[in-house]
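Accompanying notes for the structure given below.
Below, chains carry the letters A, B, ... as their sequence lines are ordered, and counting in each starts from 1. Quick caveat, the model's predicted, so the values are computed rather than measured.
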Amino acid sequence: MTPLQICLLISSLLFAIGLAGALTRRNAIIVLMGIELMLNAGNLNFIAFWRFGPNPEALTGIMFVIFSIGIAAAEAAVGLALIIALYRHYKTTDLDQINSMKG
Amino acid sequence: MSSIDYLRLLQLAAPETFLTLTGLMVLAVDLIVGRGSAPGTRIILSGSVAATGCLLAAGGLFLLPVYGTFAAGMLVADPLTVLIKVSLVILTLFTVLLAFSDAAPLADPGEYFALLLFACVGMMFLTSAEDLLMVFLALEFTSLSLYILAAFNKQSPHSTEAGIKYFLFGSISAAFMLFGLSLVYGVTGSVQLPEVAAGLARAGNDPLALVALVMIAMGFGFKVAAVPFHLWAPDVYQGAPIPSAALIASGSKVASFFVFAKVVVIGFGGAPAAVGSGAAPVWVILLGIMAAVSMILGNLAALVQVSVRRLLAFSAIAHAGYMLLGILAGTEGFGPLVYYVITYGLATVGAFGVVSIVQARTGSDRLCDFAGFHRRFPVLAFCMLIFMLSLAGIPPLAGFFGKFYVFAAAVKAGSLALFILALATSTVSLFYYLQVLKQIYVGETADASHWEPVPITVSVALLAMAFGVTLLGCFPDLLLNRITIALRITGF
């Protein structure tokens, strides 16, 4: 197995774990953690493709990762703020109980 | 790497820079001048600054456009993107004017208006991106602003719930998109759209490329609220403060559909054919299914809604289905799609404006709350008539021509089955739009209480939008010719 394949396997696994966490967990904070894992799986892919790709001297991959790490941080900040706002109203972060709107 | 010409960047991104500065100025004005004044005064103060900024930016874009490309497609300003940007700024302007209404008591009007402007800036960058990095960054910038806007009313549990749902669905789809983009980068070795197209054509039937396309389609499918990525839409449209919901329904949709079409038409143009299913590329099948299910589910679910905002949400899902037809038609459908999306945005913001008036006075947005609206505000009721009939696609309003051109492009592109489905579901949609109008015009109500008059800015905005929808319907060439010329110059 080439190093690229190993990296892709790990990142796919990371993505799957993140997705499973985001879909099955009921606690909003753990869902947020799952989402962060999924984002990082994407980052890992970029790094792997950049490092083992045909032209690593073009910095496209690593530039993408630096920006997307920034995005992930901003997303975590907004997400945690939303979760705090949620907690103030419902006194819980259990997503199953947040269903006041029905149609 | 060549050095960056910052002066050129400033020239090309002048409208975005100007709006960002306006946003910061709104914050400063609200903090310095508005501090300690009544909430109403603060809304008027910061809202007027924001509205003036939008007006100036739209005027500047319209009268003195600067064309060019920066850093190999990171920022592209051509006649087409400038046209879209003008419409985005105008939609934001109307949204700002709607926020003058007392529907959602804004605790921090400065922040609210600044976020509206920032979301608009994100959408503008999104339209001018021809580089997947910029597409992702701008998409996230827009989304993050919109998440906060959706949850802005901290007093309302509904608003918070709308925000958190929008955020969770949005970030999961953003993660899918990032993963898809990383695979595209892996397959093609580039993130610039033209090179991506060449790379995907070279890659042929690479399964990695297929996975990438599916994941990117998921990301965009969420943004445009197409089934099966629509689950957030009804709750967000119902729970978010009305101006936020209006921007999510209009501006965000315009920008997302434009960039979605650009990525699909330029980027996936040479995408691999589906395994064992003949000539149709995989994205055609994928988008075809999304379009069909959106049209069916959106229209049928809208039939049973009691809340008008939920009704508008399901109608938005249905419209996303029609718009996907435009994307499916490829280059042929690009112009009609742009026309459709812009006129749809205009009518939707208008409809939300009328809902905000009713909600501010009755406390809810159920269909029965609209009963007797005609007697109280005959002119605004007529505006709502125009918006609803335009959304339903009745000539001579803009919605009709949007649908007509998109459907015609779909037929030309050979998707006859989808065309018939669109036509049939479009007939169904007339029922629920008329349901709203029925309440407004002939609905019986015992409630004879006095309703406060509508703020002048809201009336003016609604009249302007109704006028725009009628004008673009009676003379569709006003907009369509511009789009066609812009498309020809851009080389689609």
Exercise for the section: Below 4.5 Å from any heavy atom of chain A, which atoms of Ser171(B) appear? Answer side chain, backbone, both or neither. Expected result: both

Just list the side-chain donor-acceptor pairs under 3.5 Å for residues 138-146 of chain B, sequence neighbours left out, or say none.
residue, atom, partner, partner atom, Å
Thr142(B), OG1, Met123(B), N, 3.4
Thr142(B), OG1, Ala138(B), O, 2.7
Ser143(B), OG, Leu139(B), O, 2.8
Ser143(B), OG, Lys223(B), NZ, 3.2
Ser145(B), OG, Phe141(B), O, 2.9

Handout entry: Interchain contact, Asn40(A) with chain B, by part (heavy-atom threshold 4.5 Å)
Key = neither

Problem - Rounded distance (nearest 0.5 Å) linking atom CG of Asn99(A) with atom CG of Asp235(B) - result: 9.0 Å

Handout entry: Polar side-chain atom of Tyr147(B) near backbone of Gly79(A) as donor-acceptor pair, under 3.5 Å
Key = no

Practice task
Would you mind reporting whether Val187(B) and Phe49(A) have side-chain heavy atoms less than 4.5 Å apart?
Solution key: no

Completion exercise
Among Leu37(A), Ile83(A), Asn55(A), Leu86(A), the residue with the most heavy-atom pairs under 4.5 Å to chain B is Leu86(A)

Fill in the blank from the handout: Whatever's closer than 4.5 Å to a heavy atom in chain B on Leu95(A) counts as side chain

Please tabulate, for the side chains in residues 11-20 of chain A, all donor-acceptor contacts under 3.5 angstrom to protein atoms that are two or more places apart in sequence or on a different chain.
residue, atom, partner, partner atom, Å
Ser11(A), OG, Leu8(A), O, 3.0
Ser11(A), OG, Asn45(A), OD1, 2.8
Ser12(A), OG, Leu8(A), O, 2.7

Practice task
Please round to the nearest 0.5 Å and tell me the distance separating atom CD1 of Ile98(A) and atom NZ of Lys165(B).
Solution key: 8.5 Å

Handout entry: Top contributor to chain B contacts, counting heavy-atom pairs under 4.5 Å, from Ala22(A), Gly53(A), Ala41(A), Ala58(A)
Key = Ala41(A)

Exercise for the section: For the residue pair Tyr90(A) and Glu161(B), confirm or rule out a side-chain donor-acceptor distance under 3.5 Å. Expected result: yes

Practice task
Starting at OG1 of Thr160(B), measure out to CD1 of Ile84(A) and round the result to the nearest 0.5 Å.
Solution key: 12.0 Å

